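Small disclaimer: the values here were computed from a predicted structure and weren't measured. Start at 1 and go down the list; that is how both ligands and their atoms are numbered.
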Amino acid sequence: MKSAISQSLWKEANRVLVGGVNSPVRAFKGVGGDPFFAASGKGARVTDVDGNELIDYVLSWGPLILGHAHPRVTEAVRLALEKGSSFGIPTEAEIRLAERIVEIVPSIEKVRLVNSGTEATMSAIRLARGYTVRDLIVKLEGCYHGHADGLLVKAGSGLTTLGVPTSPGVPAAYASCTLTMPYNDLDAARALFEAHGENIAAIILEPVPGNMGVVLPEDGYLQALRDLTATYGSLLIFDEVMSGFRVAMGGAQAHFSVMPDLTVLGKVIGGGLPVGAYGGSEEIMDRVSPVGPIYQAGTLSGNPLATAAGIATLDVLEEPGVFNGVVETTTKLGAELGALAREAGVPVFQTQLGTMSCMFFHDGPIKSYSDATASDTKRYAKFFWGMLERGVYLAPSQYEAAFTSIAHGPSEIDQTLSAAKAAFAAL
Ligand SMILES: *Cc1c(COP(=O)(O)O)cnc(C)c1O
């Protein structure tokens, strides 16, 4: 793989950008080595500044379910741009995107659009606290909800469930309002609610976690959390920023028929532009300003370019057979990759739901963060570089999902599988 231009840009980037990047995972620390610089993308492929063409399974970390530069999205954004990039007063497209979200995501009656997943989870938590008049929230180990203070928290040492900050700059007092518990552990959830239930505003979780690799909920787990929160008058927040329009069109809540009180969205609903959203029942959402007293605002929220990209993305995705086509591609690819790993004698544990998938370099089973972090990350890194050399770009970390798009067709799958065969053999 040629990399002279990427290497020289990387040096320049490090002079003026922190660590050369604007979001840490892009620095490839999870696999060692330096990132390439993207020049352009079309369909399933991204071309770097050195002219290497790569089949992309990162897809901007999930949003690009139609692939890069889909003509319908590009055209919608271009048309919107020509009419003005932002107004700060209501536009019709905001209604149309909100209508689609309300129609597709079963538990949402009303929605508020924001600019990122982080902003949406922050706002949903404020709403849950304001609505319940309680301070504590429960976060699950290994779930990621963006970089807001109260969510950069891990379990404290020993038996305490009181959160401690995972980042300097997060006040310990604030982190102590976040309790943590392991994913898929119902006993831990029951114990936590017995001890603190009356003060818990909400549980926030990725119903299908995709930020520790992809981990699936055990049978009945999500419903049990639904029941537990209802018993204690706490809210259940599903962070479907990744799983929304990926696990199923209507997200994990549609797939498992478990309805949260609040849902957080992002990624796919922005079609590659900056968007987030949170929504729920009218009763809860009407506590947000200007109807209710819980404050949340945004200069660029509901931005015309972002809403145009989001609507165009959902339009294409809702055409008959389109979403299921991406699911089929994901399933086929997973099955064939698994067969290649077995042939090569490389132990892997694969997970998949809808268009999210993951291959852990681990025997499995993987049900929680502590299981996931037992994976052989060195081996993953070697596989990652082996694939990149052969023209396939996987996530630069074991603890990420692989994403497919409507543009991943038979030729991309074939090329991916022949690269994988060689990369497994080289392990
Ligand atoms: C990506 C992600 C976020 C954060 O969204 P940003 O737009 O990066 O702020 C939050 N929750 C989940 C589940 C995500 O995957």
Checklist entry - By ring-ring contact (aromatic ring centres under 6.0 Å, His included), which residues pair with Phe323, not counting sequence neighbours? => result none
Item to check | Donor-acceptor side-chain pairing of Tyr57 and Thr416 below 3.5 angstrom | outcome: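 Judged by distance alone, the side chains do pair up.
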Checklist entry - Applying a heavy-atom distance cut-off of 4.0 Å, which protein residues contact ligand 1? => result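 These residues qualify: Ser116, Gly117, Thr118, Tyr144, His145, Gly146, Glu206, Asn211, Asp239, Val241, Met242, Lys267.
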Next on the checklist: Less than 4.0 angstrom from a charged side-chain N to a carboxylate O is my criterion; do Glu12 and Arg15 meet it?
Outcome noted: no
Item to check | Presence of salt bridge, Lys367 and Asp185, under 4.0 angstrom | outcome: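 Between Lys367 and Asp185 there is no salt bridge, as every charged N stays at least 4.0 Å from the carboxylate O atoms.
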Item to check | Which atom of Met356 lies closest to which atom of Phe403, heavy atoms considered | outcome: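 Shortest heavy-atom separation between Met356 and Phe403 comes out as CG-CE2, 3.9 Å.
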Next on the checklist: For Phe28 and Phe384, take the angle between the two ring planes, folded into 0 to 90°, and tell me which bin it lands in: parallel under 30, tilted 30 to 60, perpendicular over 60.
Outcome noted: perpendicular
